[in-house]
Peer 1: 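Pasting a structure below so you can have a look.
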Amino acid sequence: MRIFLCALVLIAAGDILNALFLPSMDYPRQQSFAPALSWFPRDRRVPEPAHRVIDPADDCFLVTSDEGEMFYKSPSNEPSVCGIYMIAEPDMKIQVTFNYMDVPCDNGGLVAWVDGWELNGQVWPADAWDDDRVVEFCDRRPQRKLTSRQNAALIQYRVPARGKGFAVTIRHLKNTKPCNVIVFGSEGVYTLRNHGETGNCSLLAISPAIVRILDLDVGQSIKKGPLSLETGTIRRCTKRGLSDYVEIGGSSGLDHTKMEVLESVCGLDSNEGQRPAYIACEDTVVRLVSSGLYKNSVTLAFGPLPLEHIEHADLICEINDI
């Protein structure tokens, strides 16, 4: 199990970037890189706009939570694939404006905007994926501003022409109806809501975690009707055939539709859950499934899973090869 923990740490710190790929491109897997994760404080501050020149030697795969301008110029004619892996706070979304574009199509140059994350052939958020969430271009820059639907987005690029490149401005905008959230680490309190709409929402924490339900209102509060009486927490809701429920579990990749489910719960319960769930997986996942008939919400507390609890966790996922 020590090996298991080391594998989780490695994945969270570096391997998550190792498998990124650009749509419609074939290239060798990157062998090694160690970009520093850019962490952001819980209390949002307004920083001075950043002006960053991407160094291909150090920042080929860059994870950043910064706003501001970024510039890239290819140092060679090598067809290397790189990426800017962007993340914002849970209640924000990411907007990218391409200010300048000089990436020739005729020698295989290509840039792609991905509304979400993509790695190891998996996408997030998988529930809401469609072709419109990937935009590819070269020669000409996109005229419109590109805005994500959640707090993570990705720019991937291949510029096999020395001196060619592009410039972008990254902004974080308020998301009035956050549905899918991805976070590094496993500590904090988060609320998932469907905002009365049909569809699935998710929270994915890139680490093993202890998850406790603090407040639950799923499948009870009808959008147009009287308030419901508390039912307490109803368990095994999927086996009962109920349409609205929360799944708690984990996964070994971004596609949370393939998550291993520890349990499904629903009901109306304002009391804190008696026993937390111990999830020993690469990613800890909470998925809210909604029919659209109810105003669903679930508030959860996440905490780090101590080493001594991993072997006896409630759910232990298989891990991908590193």
Peer 1: Just how far is it from atom CG of L146 to atom CD1 of I155, taken to the nearest 0.5 Å?
Peer 2: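 Nearest 0.5 Å value for the CG-CD1 distance: 8.0 Å.
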
Peer 1: For L203 and V285, run side chain to side chain contact (heavy atoms under 4.5 Å, CB included): C-alpha distance rounded to whole Å, both residues' side-chain angles, the deciding distance at 0.1 Å, then the answer.
Peer 2: CA-CA 6 Å; L203 191 152; V285 183; over 6 Å; no

Peer 1: Backbone N or O of D127 within a donor-acceptor pair of the N200 side chain at under 3.5 Å?
Peer 2: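 Here the side-chain-to-backbone pair does not exist.
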
Peer 1: What's the shortest heavy-atom distance between S148 and A153, and which atoms?
Peer 2: CB-CB, 4.0 Å

Peer 1: Between L204 and W124, does the side chain to side chain contact (heavy atoms under 4.5 Å, CB included) criterion hold? Intermediate values first, please.
Peer 2: CA-CA 9 Å; L204 187 147; W124 178 90; 4.0 Å; yes

Peer 1: Mind checking the CD-OG spacing from E282 to S252? Nearest 0.5 Å is all I need.
Peer 2: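 Here the interatomic distance stands at 4.5 Å.
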
Peer 1: To the nearest 0.5 angstrom, please state how far the CH2 atom of W129 sits from the CG atom of D255.
Peer 2: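 Answer rounded to 0.5 Å: 11.0 Å.
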
Peer 1: Are any of the side-chain nitrogens in E263 or R235 under 4.0 Å away from the carboxylate oxygens of its partner?
Peer 2: yes

Peer 1: Do D269 and E230 have side chains that approach each other closer than 4.5 Å (heavy atoms only, starting at C-beta)?
Peer 2: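 D269 vs E230: side chains touch.
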
Peer 1: Are the side chain of R162 and the backbone of N77 linked by a donor-acceptor contact shorter than 3.5 Å?
Peer 2: no

Peer 1: Of all the heavy-atom pairs spanning L262 and A277, show the shortest one and how long it is.
Peer 2: CD2-CB, 3.6 Å

Peer 1: Taking side-chain contact (heavy atoms from CB on, under 4.5 Å) as the test, write out the residues that go with D130, two or more places apart.
Peer 2: D132, R133, R149

Peer 1: Are D217 and K295 ion-paired here, with the side-chain N under 4.0 Å from a carboxylate O?
Peer 2: no

Peer 1: Between R212 and E272 (salt bridge meaning N to carboxylate O under 4.0 Å), is one present in this structure?
Peer 2: yes

Peer 1: Taking all non-hydrogen atoms of both residues into account, name the closest pair between Q220 and Y294 and its distance.
Peer 2: N-CD2, 3.6 Å

Peer 1: For F166 and D102, what are the C-alpha separation, side-chain angles and deciding distance, and is it a side chain to side chain contact (heavy atoms under 4.5 Å, CB included)?
Peer 2: CA-CA 6 Å; F166 59 88; D102 186 10; over 6 Å; no

Peer 1: Locate the shortest heavy-atom distance separating L192 from C179; write the atom from each residue and the value.
Peer 2: CD2-O, 3.4 Å

Peer 1: Measuring from I210:CD1 to I279:CD1, what's the distance to the nearest 0.5 Å?
Peer 2: 10.0 Å

Peer 1: Quick check on side-chain hydrogen bond (donor to acceptor under 3.5 Å, both in side chains): which of S221, S291, S290 does N296 satisfy it with?
Peer 2: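 Going through S221, S291, S290 one by one, the side-chain hydrogen bond (donor to acceptor under 3.5 Å, both in side chains) with N296 is satisfied by S290 alone.
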
Peer 1: Is there a side-chain contact between T238 and R236 (heavy atoms, below 4.5 Å)?
Peer 2: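 T238 vs R236: side chains apart.
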
Peer 1: Measure the OG1-CD distance between T147 and Q95 for me, rounded to the nearest 0.5 Å.
Peer 2: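 Nearest 0.5 Å value for the OG1-CD distance: 4.0 Å.
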
Peer 1: Please tell me if the side chains of I84 and V96 come closer than 4.5 Å, counting only heavy atoms from C-beta onward.
Peer 2: no

Peer 1: Using the rule given for side chain to side chain contact (heavy atoms under 4.5 Å, CB included), can you reason through F302 versus E187, listing the C-alpha separation, both sets of side-chain angles and the distance that settles it, and then say yes or no?
Peer 2: CA-CA 5 Å; F302 281 71; E187 191 165 7; 5.8 Å; no

Peer 1: Would a 4.5 Å heavy-atom cut-off, applied to side chains only, mark Q150 and V181 as touching?
Peer 2: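 With C-beta onward as the side chain, the pair stays apart.
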
Peer 1: For P104 and K164, which heavy atoms make the closest approach, and how far apart are they?
Peer 2: CD-CG, 4.0 Å

Peer 1: Side chain of T231, backbone of L268: donor and acceptor closer than 3.5 Å?
Peer 2: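 Checking the backbone N and O of L268 against the side chain of T231, a donor-acceptor pair under 3.5 Å is found.
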
Peer 1: Heavy atoms, side chains only, cut-off 4.5 Å: are L110 and V103 in contact?
Peer 2: no

Peer 1: Which ring-ring contact (aromatic ring centres under 6.0 Å, His included) pairs, counting each pair once, include a residue from residues 233-255, with sequence neighbours left out?
Peer 2: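 Not a single pair qualifies under ring-ring contact (aromatic ring centres under 6.0 Å, His included).
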
Peer 1: Do the side chains of D314 and R275 get close enough for a salt bridge, i.e. N-O under 4.0 angstrom?
Peer 2: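 So D314 pairs with R275 through a salt bridge.
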
Peer 1: From C317 SG over to M259 CE, what is the distance, rounded to the nearest 0.5 angstrom?
Peer 2: 8.5 Å

Peer 1: Taking the side chain as every heavy atom from C-beta outward, state whether I87 and W117 have any pair of such atoms under 4.5 Å apart.
Peer 2: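 In short, these two side chains touch, coming nearer than 4.5 Å.
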
